[in-house]
Amino acid sequence: MTFADPLEGAVDSGHETNSQKTQEQRDTATAVRIMVGVFAFLLAWGASVVTWGLPGLYLPAVGLVPVVYVMLLLITRG
């Protein structure tokens, strides 16, 4: 046991440490931001369909083809 790590060798009592809680909170905040972004994108896409009709439906999908292509390349590279 050293002064740098006072919990070294301590018995795990089932309680989370502060770093675990903050990591969990950051993960939750990231997930919420992603979900809000997806919802906003779908809402904007729906608004474009209402505004411009059928071209508002398929033109954003056609425009996102290069983005999806680059994402697929990034995924396959690891």
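Just so you know, these numbers come straight off a predicted model, no measurement behind them.
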Just list the side-chain donor-acceptor pairs under 3.5 Å for residues 41-56, sequence neighbours left out, or say none.
unit_1	atom_1	unit_2	atom_2	d
W45	NE1	G56	O	3.2
W45	NE1	L57	O	2.9
S48	OG	W45	O	2.7
S48	OG	G56	O	2.9
T51	OG1	A47	O	2.8

Atom pairs and distances, donor-acceptor, side-chain atoms in residues 66-77, under 3.5 Å, two or more places apart:
unit_1	atom_1	unit_2	atom_2	d
T76	OG1	L72	O	3.2
T76	OG1	L73	O	2.9

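- Of the inter-residue distances, the one linking T28 atom OG1 with Q23 atom CD reads 9.5 Å to the nearest 0.5 angstrom.
- Grouping Ile, Leu, Val, Met, Phe, Trp and Tyr by side-chain contacts under 4.5 Å, direct or through others, leaves V65 on its own.
- Using a 4.5 Å cut-off between side-chain heavy atoms of Ile, Leu, Val, Met, Phe, Trp and Tyr, V32 falls into a hydrophobic cluster with V36.
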